Each structure stands twice: as structure tokens, then as C-alpha cells.
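By convention in this document, chain letters (A, B, ...) are assigned in the order of the sequence lines, proteins followed by strands, and residues within each chain are numbered from 1. The structure presented is a predicted model; accordingly, all values stated were derived computationally and were not measured.
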Amino acid sequence: MAYLEIKNVRIAGFSAAVPEKVIENNSLSLFNEDEAASFIATTGVERRHVANEFLVSDLCYEACERMIKDLNWQKEDIDALILVTQGPDYILPATACILQNRLGLSQECYSMDISLGCSGWVYGLSVASGLLSSGSMKKALLLAGDTTHATSPEDKSSYPLFGTAGTVTALEFKEGAEGFKYHFATDGSGYEAIIIPDGGFRNQFSEKSLEVVEIEPGIKRSRLQLVLNGMDVFAFGISKAPQTVNKLIEKYNLNKDEIDYFVFHQANKYMNERIRKKLGIDPGKHPYSLKNFGNTSSASIPLTILTELKDAVTQGKHTFICCGFGVGLSWGSVWFETDKIVCSDVVEI
Amino acid sequence: MELKDFMQNFAAQFDETAPSEFTPTTEFKKLAEWSSILALSVIAMADEEYNVQVKGDDIRNSGTIEDLYNIVKSRM
């Protein structure tokens, strides 16, 4: 059973960067007026920050600089840099290695990428917290984010849903800290539910990869662009997200009523509301950032805490259960506590 | 699980279609009210009422309500 408990590590802060450019979903030529209203009502996504001139690494770089400054950390003290993304700069090398240098971090730095999407922040957190728990390494930056480079602007099933963001979660060793409790799960039989079919080594890039095909009215894309099987992802999400949260609660004997916030991956409002209701969570404990940022993949949990709960988490203690679920198919949940953490202003570039 | 109960649960996802329209042989994707959101609603109904995961291909490959009922029943 994929449970994990990590002690002696705390979250020190959150930061994020997004493109300044905003696209309003009610102005998209993809939709007629009724379709736009219906899409917004169903998904909760009114607008998104999107600009293809910025990569995840650019956004995370800006968010890191802000985080390090606001925490008053010294760059040479950062022992680990973990980047969770499906949008690396190159197939190789790992983007985390490039960022280590770009940020001016010490060469004595553990750096690597993790290739996960919507579940990725939870998985990245487990890696970063696991690295720090013995106390040999003291400080880590967990970067998580994605862009919309691989989303077809002619695909109304995916393009209006996704936004761009890069986030940073700063972690530090603290003797006696309660740490993190995790549950993880994977079902690779659903790997085609969210996929970019070509461009990797299984289906290598060819001329055919660029061919734009009409899948159905309103959905045109090439094989280098994102395929999102909405029905399969929905069936997966409403089943597995409540399941992992309940497993976490049972395994660690948590009292659901005593959890202050349930911050879940921001898939879309229709799916998230089903999940929330199934778990019997009070709406006031279940914030959304979908309206202004859309689905930001692995960035969505830290971005939601940062934008929706900043006033709360910068003061006093709060308990969280967070849950990520999506591409893989991969899912997981985590319990943790925050105590007066630093939340930077969202950087717009 | 009875076909009659499944049909009632299926029909409950619709707002504008008359109850008399729903029979085992109803080709549900030809109903005027059918939409991608109703497909999600039916998937959610199968999850909540029967704890069964209905996938996109199950919807795509089902012609009638009874076809879908048989899929759900086979997974219980």
C-alpha cells in the first residue's frame, strides 16, 4: 500500500508567477455566445493567464527569485531543487539542472525533474520532504507548473480550460515538525485518457505529427497536441479523488471535521463539485482558483492556496488535505499543517 | 439492480425530456436534450448509485438505455 509519513519538515512558503496576458473565455472565437456561457458555468473557468513566449522554467525562475527574497534565504543554503512539469525546456537535460545554474544555486544541489501533471505537486512534495526529513539537507524548493504550448487553440474541449502558471513551495527541515502524511496510487491502463501522442520516442516526430485533424466539430488538433478524453477523466476523478482522501483519513485516523482546508487539483468546477459533495466537504473549506486561472495542472494546488488562502495561512496554524489527480493516470493525497508561512505576491511577467 | 430502477435514475439526469420518452430501447444519444454534460451526469449517476465506473467508450458504444444498463450490471 502506497502510504508514506514524513516528519521533521515544514512548508516555509509559497510563491507563483503567471503571464501578465489574460485570455477571456467569453471572447474566444471557438465558442458562440451560448457555448461560452455554458462552458464557463460548467467549468468555472472565466479567464486564464496564457502567453506562449514563457516556458515553465521562466515562470518558476521568477517565482523562485521572489520566494528566496521574501523568505530571506541565502541561495547557497538551498540543497534541493525539484521541478514537476510536463513542459520541460528540452527532452534532455532535465530543466531543474538548467534552473540550478540560472538561479545561481550552489553546485552542491540535488536537482531533478518529475514528469507528472495534475497529481504532480503531491508527488513532488513527497520527494522534497523525503529528502529533507533526515536533516542532512535543510532547505528545498519544489517547483510545479505547466504551460499551454501543447494545447490546440482549435480544440474547445481543452484550450479554454487550461492556464499557465509556475509555482514554488519552499520546504525546510525542522526538528519536531509534524510533517506530511501521504497516500499515492497509479493506474497506467488509463494512460491514453490524457496524452500527447507524438514527439516522444514511442511515436517519434514525423511529418504526419503536424497534420491537423478535425476530431469532431470544434475539436481540431495534431498529434503533437494534447488529447483530453473528458468522459474518462471525469469518471476517473469522481471515483479516485474521494477514494484517496478517504484512505488517507482512515489510515492516519484523521478527523475530517478538524481539517481547515481541502485544496484539490483544480480540474474543472463540475468535476470538483462532484468530488467535494461526495466527500461531504463544506464549500467554505474547499477553495477554487479556477475562475481567474483555469486548470493549471501541477501548479493548481499551491496556486489556490496562495491566491485564495493567503490571508489565513500567513497567520496562525492550519491543517490541510490536498489531493491531486490526472494524467498517468496518477493520483494522491497529503495531510499537512502550516504555521505562519510566507506567501509572496503572485508575479506577473 | 433492476432495469426499471436504472431507467429512473437515468431519466432523473434529464430536465426537459418527458418521462414517457425513456424506455429500454430508447436511443438516448438521439434525444434532443442529450449533451456532453448529460453524459458526465450519467457517468456520475453510475458512480454514485452503483459504484461502477462508466467510461467514454461505454457511452459511445451504447445505443440504447438497456445497452448501458447491461454494461453497468456486468461490472457490479
Query - B/Ser41 and A/Phe234, any side-chain heavy atoms less than 4.5 Å apart - result: no
Report task. Determine whether more than 12 heavy atoms belonging to other residues, nucleotides or ligands lie under 6.0 Å from atom CD of B/Glu2. Result -> no
Report summary line: In this structure, CD1 of B/Ile43 is separated from CG of A/Asp232 (nearest 0.5 Å) by 7.5 Å
Query - Contact leader toward chain A among B/Ala44, B/Ser36, B/Ala46, where contacts are heavy-atom pairs under 4.5 Å - result: B/Ala44
Requested in this report: Take atom NZ of A/Lys208 as the centre, draw a 6.0 Å sphere, and report whether it contains more than 12 heavy atoms from other residues, nucleotides or ligands.
Outcome: no
Query raised in the report: Quick one: what part of A/Tyr270 sits under 4.5 Å from any heavy atom of chain B, side chain, backbone, both or neither?
Result: side chain
Report task. Before giving the answer on side chain to side chain contact (heavy atoms under 4.5 Å, CB included), spell out for A/Lys278 and B/Asp47 the whole-Å C-alpha distance, their side-chain angles and the decisive distance to 0.1 Å. Result -> CA-CA 10 Å; A/Lys278 204 169 168 182; B/Asp47 175 71; 2.5 Å; yes
**Report entry** Residue pair B/Gly56 / A/Met231: nearest heavy atoms and the distance that separates them
**Finding:** CA-CB, 3.7 Å
Requested in this report: Please check if atom OH in A/Tyr191 has more than 12 non-hydrogen atoms from other residues, nucleotides or ligands closer than 6.0 Å.
Outcome: no
Query - Within 6.0 Å of CG in A/Asp187, more than 12 heavy atoms from elsewhere - result: yes
Query raised in the report: Could you state the interatomic distance from CG (A/Asn229) to NZ (B/Lys55), rounded to the nearest 0.5 Å?
Result: 9.0 Å
Report task. Please say whether more than 12 non-hydrogen atoms of neighbouring residues, nucleotides or ligands are located less than 6.0 Å from CZ in B/Arg60. Result -> yes
Query - A/Ser239 versus chain B, the contacting section by heavy-atom distance below 4.5 Å - result: both
Query raised in the report: Do other residues, nucleotides or ligands put more than 12 heavy atoms under 6.0 Å from the NZ atom of A/Lys220?
Result: no
